[in-house]
2 protein chains.
Amino acid sequence: MAQRVGIREVARQAGVSVTTVSHALNDRGQVSAATREHVKRIAVELGYAPNRIASALRSQRSRLIGFVSDEIAATPFSGRVITGAQDAASELGLMLMVVDSARDSGLEERQIDTLLAQQVDGVVYARMFHQLADVPATLGAHPTMLVDAVDRAGVQPSIVPDEVQIGRIATEHLIEAGHRRIAHLTLEQQGEARDGREAGFLATMRECGLSGPVIRVPGIGDAVAGRRAATELLRRHPEITAVLCFNDQVAMGVYQVAQAAGLRIPQQLSVVGVDDFWPISEGLDPVLTTVALPHYAMGRLAITRLEALISGQPDASPREARLACELVRRASVASPSTP
Amino acid sequence: MAQRVGIREVARQAGVSVTTVSHALNDRGQVSAATREHVKRIAVELGYAPNRIASALRSQRSRLIGFVSDEIAATPFSGRVITGAQDAASELGLMLMVVDSARDSGLEERQIDTLLAQQVDGVVYARMFHQLADVPATLGAHPTMLVDAVDRAGVQPSIVPDEVQIGRIATEHLIEAGHRRIAHLTLEQQGEARDGREAGFLATMRECGLSGPVIRVPGIGDAVAGRRAATELLRRHPEITAVLCFNDQVAMGVYQVAQAAGLRIPQQLSVVGVDDFWPISEGLDPVLTTVALPHYAMGRLAITRLEALISGQPDASPREARLACELVRRASVASPSTP
DNA sequence: ATGAAAGCGCTAACAA
DNA sequence: TTGTTAGCGCTTTCAT
């Protein structure tokens with residue numbers, strides 16, 4: 001079922017030509033204020049909504065943006081990126097076409113081709129975990145914006161969280177609370193997120209004249225890793241009073257081991273996570289202090305910058321934009337008990 | 001940047017008319033096999049991809065489906081619905097336009113209007129939590145399919161999980177493991193999910209000649225509710241050996257209270273969740289036995305049925321389809337220890 | 001300030 | 001079997 005009323009009908013009812021209707025409605029051309037208002041009123045009365053497909057075909061501007069993701073769903077973290085992108089898009093009169101490749105790069109190429117066949121004006125290329133990415137060649141000269149990924153070739157603009165700053169603010173928070181013996185629980189597997197957070201931790205500790213162990217465990221950043229790291233920590237560094245975890249899931253593992261060992265959080269062990277993945281950060285008891293990733297902001301900025309790129313405006317952000325993250329103070333950090 | 005090569009170019013290179021190219025590529029009309037192959041080869045060589053916007057305008061069929069959600073992101077549960085829809089769509093040569101209203105029904109109406117202006121062929125109207133829904137009037141006569149919601153007016157077709165069956169299989173599993181004193185931990189706030197799961201629990205217990213308490217707590221189904229329910233359970237029904245939780249987050253709360261009380265799972269208390277929300281179900285220790293919701297299947301079926309509806313084929317499913325759910329056996333259920 | 005007319009790239013009657 | 005032609009609903013020169 002297509003649109004009922006078209007531009008011709010509006011023109012007829014308003015007693016003007018379709019040209020005038022088009023100009024009036026798009027605030028273009030030379031139309032007297034009176035005519036403009038009149039046309040707009042008629043259009044509203046008739047419930048006229050322009051057929052976007054027709055206008056896209058004619059104007060060679062679909063106002064469609066492709067959103068290419070490797071995992072929208074499998075991981076719950078990404079949703080806010082899409083929400084941010086969607087909000088910005090709707091403010092700019094754009095529509096998102098979201099596509100999820102489930103990590104299959106062959107499928108991803110086909111999806112991008114489909115998107116291009118739909119005449120999208122540009123593409124957001126989003127990854128779930130901060131990484132160096134190879135942008136598919138088929139994206140070629142189309143306006144593109146990477147999110148949570150940096151173009152290995154150094155060509156396409158990108159938006160990522162400031163991982164080093166994450167490590168810094170978390171560590172600073174622990175130090176300000178009075179901790180001196182702090183450990184960082186993280187992954188063996190290197191990556192932008194791991195490397196940055198660890199660098200932020202180490203730099204901040206050093207600048208405060210402190211040092212603390214970094215426990216690296218194999219596997220992905222889940223509760224299992226957290227349990228493994230916490231177990232090792234308790235065995236090798238029982239003097240530690242606070243831990244900065246790679247993410248909230250690792251923190252969940254720490255809670256489990258701490259509780260089993262009779263260690264009370266935060267009285268005997270302060271814990272900070274990263275992600276602010278609420279089913280966990282707000283589900284843990286006590287609720288978890290953590291650094292929130294700027295998912296929503298990244299989504300918004302991606303669309304804003306992409307639109308600028310498409311319409312040839314200058315880009316206000318640096319090509320590789322790093323977004324600052326915020327500490328969410330909850331109940332898992334306290335001053336260390338005096339020994 | 002639009003498509004480089006158009007149908008005219010293919011026609012020229014193949015030495016035929018655009019009509020023949022169109023027919024050959026779409027396997028329509030009367031074209032000799034030889035010509036068809038020849039045209040297809042040329043098209044591939046030139047990397048031709050039809051401009052979907054032009055073909056949509058002409059054929060009055062955009063092959064676009066609107067996906068209207070109240071929360072893609074805020075809750076992580078929904079992603080698999082979209083993935084399922086996307087997979088089915090791609091198999092049928094359709095594209096999804098996903099939109100998230102963040103529970104703002106005014107915004108939702110505007111989003112639907114935008115979708116209709118984009119000439120979507122149909123709309124999937126998905127809710128995050130199984131509910132009775134009022135379908136926006138603006139959807140009117142457009143092909144529509146509800147997901148995780150049933151049309152209050154009884155008009156539009158829908159797809160929901162079989163909540164009663166969820167309660168049944170979970171309870172049966174506990175009974176088969178040897179439990180007799182089983183409680184159901186759920187919400188005060190009524191709703192399709194709560195009511196159905198509870199009904200399934202009660203019916204199954206009754207049919208086995210058993211009865212068990214239902215603990216209802218205020219608030220939403222999160223870990224806080226789980227802690228509250230578990231605390232109450234321990235106080236009022238210490239004889240219970242197994243609990244069926246409203247969802248995985250409630251189960252997380254039960255784990256916390258059990259561990260604090262020195263109750264071992266599953267040796268002293270068996271726990272079953274609902275959702276199979278993996279950061280929790282696989283993050284808990286021991287890993288949680290739970291009933292997986294058919295998110296992916298619902299997404300797929302929504303698109304399949306919608307396409308049938310759009311193209312006027314008969315619908316194989318009942319108007320209000322209920323999808324069966326599966327028990328995921330992990331480590332939180334054991335036989336009750338003999339007293 | 002307004003309107004006539006020419007397409008955007010494709011599909012589908014209708015002709016040949 | 002293949003080609004000619006007329007649009008789909010809108011935007012955009014270019015006249016008036």
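The model shown is predicted, which means the values in this text are computed figures rather than measured ones. A, B, ... follow the sequence lines: proteins, then strands. Residue 1 opens every chain.
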Residue met sooner reading DNA chain D from 5', once B:S59 and A:R58 are mapped to nucleotides: B:S59
Value in whole Å for how far the C1' atom of D:dG3 lies from CD1 of B:I7: 13 Å
side-chain N/O A:Y48 vs D:dC10 OP1/OP2, d < 4.0 Å: yes
Sugar-phosphate, base or nothing in reach of A:T19, heavy atoms under 4.0 Å: base
Whole-Å distance separating the CD1 atom of B:I53 from the P atom of C:dT11: 13 Å
Between D:dG9 (C1') and B:Q119 (CD): distance, integer Å: 9 Å
Value in whole Å for how far the C1' atom of D:dT12 lies from CD of A:Q60: 12 Å
Sugar-phosphate, base or nothing in reach of B:R28, heavy atoms under 4.0 Å: sugar-phosphate
Test item: B:Q86 side-chain N/O and A:V98 main-chain N/O as donor-acceptor pair under 3.5 Å: yes
Protein-nucleotide distance (B:L57, atom CG; D:dT11, atom P), rounded to Å: 12 Å
Among D:dG3, D:dC10, C:dA1, the nucleotide that comes nearest once only the side chain of A:S55 is considered: D:dC10
Whole angstrom value for the distance that separates C1' of D:dC10 from CZ of A:R8: 11 Å
Sugar-phosphate, base or nothing in reach of A:S22, heavy atoms under 4.0 Å: base
Between D:dT1 (C1') and B:D27 (CG): distance, integer Å: 16 Å
Within 45° cone and under 6.0 Å: A:R127 NZ/CZ vs A:Y125 ring: yes
Contact under 4.0 Å: B:S17 side-chain N or O vs D:dG3 OP1/OP2: yes
Distance-only side-chain donor-acceptor flag, A:D87 / A:Y296, under 3.5 Å: yes
Any A:N51 side-chain nitrogen or oxygen under 4.0 Å from OP1 or OP2 of D:dC8: no
Any donor-acceptor N or O pair under 3.5 Å, side chains A:S22, A:T19: no
Beyond-backbone contact of A:E91 with A:R300, side-chain heavy atoms, under 4.5 angstrom: yes
Distance, rounded to the nearest Å, where B:R12 contributes CZ and C:dC10 contributes P: 14 Å
Short side-chain N/O contact to C:dG3 OP1/OP2 from A:T20, under 4.0 Å: yes
